Amino acid sequence: MKMKHLAIVAAVVVFAAASWGVLSGGSASMASSAQTGPDGKKVDEVGYNPSAASQLAEATRVMLGERTLKDYHKKIHQNGTNCQLCHSGQAPTTPPDDASCIRCHGTPEQMAKVTAKLERNPHNAPHYGTYMPCTTCHKEHKPSKVLCADCHSFTFENFKK
Amino acid sequence: MRKKTVKSDNQKKIQRRDMLKAAGIAAGSVLFSKVAVTEAKAATLNDEYWDREFDVIIAGSGFAGCAAAIAARREGASTLVIEKMPVFGGNSAINGGAMAVAGSQLQKEKGIKDSVELMTADMLKGGRGTNHVDLLRVVCAGTVEAFEMTKEFGVQWKDVLLQFGGHSVQRTCQTVNFTGGDITVPLMKGGIKLGAIFKNRCRLEEILTDGNGEIAGIVVRENYYFPDENSGSLRRYKINRGFVACTGGYGNDMDFRTMQNPSLDENVGCTNHSGATAESFHALLAVNAAPVNTACFQLGPWASPDENGFGYAPQFNQQAAFPYGIMVDIRDGKRFVNENADRKTRADAQLKHCKDEDGKIFYPVAFCSEPGIVKSPTVKHALKEGVAWKFNSLEELATNFGIPLKPLQEQVDRFKKFVANGKDEEFGKPIFEFDRALYLDKPPFYAMRAWPKVHFCQGGVNINTNAEVTHMSTGKPIPKLFAAGEITGGIHGESRLGSCAIAETLVMGTIAGKNAARNRARS
């Protein structure tokens, strides 16, 4: 029973990885630079671009439920099928740019006004002002955690984990 | 995975260079090897090799990095600041916002006599005489100018002077919100306004040299998602005038920390942010930067075991409980150290006195009376978070912590007598005449448990007074390589005095940024 279950998972993973590779192949090659280094290698080859292996790993994480989706975003990204919505043209292995969040939620300055009445304003902290990427604390695919908690024990009541 | 390609390529290059160097030395001519390597490497560093190009690149966006960026832009250099964390400011942003200034306007107004020589002498004493005195003088002499620079960019300071442990006069200024973020945020805004580019989630991976050992550029990891080592992508940035390492300390790097000092394992707390790791130090060592005092970690004696990281305790203890109250061993109710001594003296005393033979810890308790806490407004947060407690009688305090009341009462009475006489006969703590009303007297008492946490790295790379990093074997400056702030070593010797970090980082950061930008000869 267990083996059968594993086999199904493996098959699904391989299929997902293959289709993902086909889909993201175009954008990955577009993003890569045409520059070549002295050794004749493309500059991007020294970098970390989502290879087939990393895409397989990512697909596996989605299959195994390690990539969580937040209820309040499910409707927006069509239950996790529209990666582009947040990750733009980038491969889904990199965190989204703030610009994606700002489209719906407003600028950091506007967010700071929304939470201005809290005893401690997380969007305008004395340590960082408004210069904080949204994804510092807010995560879509794993539990969110406020940076403040590294040193302080206060909590934010309406913070969605 | 791919990262290793670069490393191994470079390792090959380094090996080749070392082989050539060895050959050169064998031939009795170091010069020969340099020429040979230049020829070998010149072809590899053509323009196509690089992704971006700047006159000055600064790694790290704390006090030193911000000061360096401002200084470099004022010299007209194109300037990039890279920060590996999502947020800017590094550990400086969560620092306590206290800066020692020798000869400030506030001191003059209050009639406090201070000088560069006196501050140098205090820091030298705190550092157990092992400080690099030439650097120390430069730092102390630059404090007034650095302080004025912060005001120019809108940093707001309180109208109060403090005397932290080891300082012989009140010379410490503090920002309005008691945090370094009050400084890093305005300085970063100022740097951006002057035209510097601040790029977050961009980690220094490797420093690249040309054949002469001169810095050519760096490899960075863009879109780095701390702490995921495989996130983002590697890029090469070319540097025309200078690379300034302002990458901070490595107090939270467990592997490196326990390698240097195995007793500072994961059971010892740390006040640093999670990004205070050693990889940039490794990168500097890889280009032959000379290391100093790498095993010298400072323990902050005012931290609390009842909260994570820096938290609220250090403010309360430094501003109120330690100078105006007392710290006692809970087993006998007695003091065991001058609560306003330098940090090393106090932390060493805590570790020595408050453990039994089996290593069991008895956290000492520091407390003061209500008038003392006027110096520490943030105590209200500490009370709310359950880090500090208010007691309406000494008996209540003693019961809560399990301290025998009789000896505790006797200790309090003794201390009150010392305050009245103006002299601490037990441990020689300074008693301030003009603050006499603030001292430990009657209830209510405010108390907190105090236990050392790793706070600062006195060690790092060696620099000269121009903030140039020196070469491990030749002792000469490594061309185009500068450093400032906690990543450098030597200035504080064995132990740094409180509030001297902002002083050091702003002064040396400015010098590093300025000199890197002026380093036109090679551009």
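Since this is a predicted model, take the numbers as computed values, not measurements.
- Heavy-atom pairs under 4.5 Å with chain A peak, among B/His273, B/Glu222, B/Met188, at B/Met188.
- Listed here is the closest heavy atom pair of B/Gly309 and A/Cys151: CA-SG, 3.9 Å.
- A donor-acceptor pair is defined here as one N or O able to donate and one able to accept, closer than 3.5 Å; no such pair exists between the side chain of A/His127 and the backbone of B/Gly181.
- Interface check for chain A: of the options B/Asp182, B/Asn177, B/Val87, the most heavy-atom pairs under 4.5 Å are formed by B/Val87.
- Between the OH atom in B/Tyr225 and the OG1 atom in A/Thr135 there is a gap of 4.5 Å [rounded to 0.5 Å].
- Among pairs with a residue in residues 142-161 of chain A, those fulfilling ring-ring contact (aromatic ring centres under 6.0 Å, His included) read A/His138-A/Phe159, A/His152-A/Phe154, A/His152-B/Tyr312, A/Phe154-A/Phe156, at least two apart in sequence or across chains.
- Taking CE from B/Met85 and CG from A/Leu147, the interatomic distance works out to 7.5 Å, rounded to the nearest 0.5 Å.
- For A/Ala149, the part lying under 4.5 angstrom from a heavy atom of chain B is the backbone only.
- At a heavy-atom cut-off of under 4.5 Å, chain A is reached by B/His381, B/Lys384 from residues 376-384 of chain B, listed in order of number.
- Listed here is the closest heavy atom pair of B/Ser274 and A/Asp150: OG-OD2, 4.2 Å.
- Nearest approach of A/Tyr128 to B/Ile94, heavy atoms of both residues: OH-CG2, 3.7 Å.
- Contact record, B/Glu385 with A/Ser153: OE1-OG, 2.7 Å, taken as the closest heavy-atom pair.
- B/Thr184 is not listed as a side-chain neighbour of A/Tyr131, based on a closest heavy-atom distance of 4.5 Å or more.
- Within the 4.5 Å cutoff, side-chain heavy atoms of A/Pro126 are placed close to those of B/Thr179.
- Contact annotation for B/Asn95: neither backbone nor side-chain heavy atoms come within less than 4.5 Å of a heavy atom of chain A.
- Using modelled atom types, one finds no donor on one side chain facing an acceptor on the other under 3.5 Å when comparing A/Thr136 with B/Arg201.
- More than 12 heavy atoms of other residues, nucleotides or ligands sit less than 6.0 Å from atom CD of A/Glu109.
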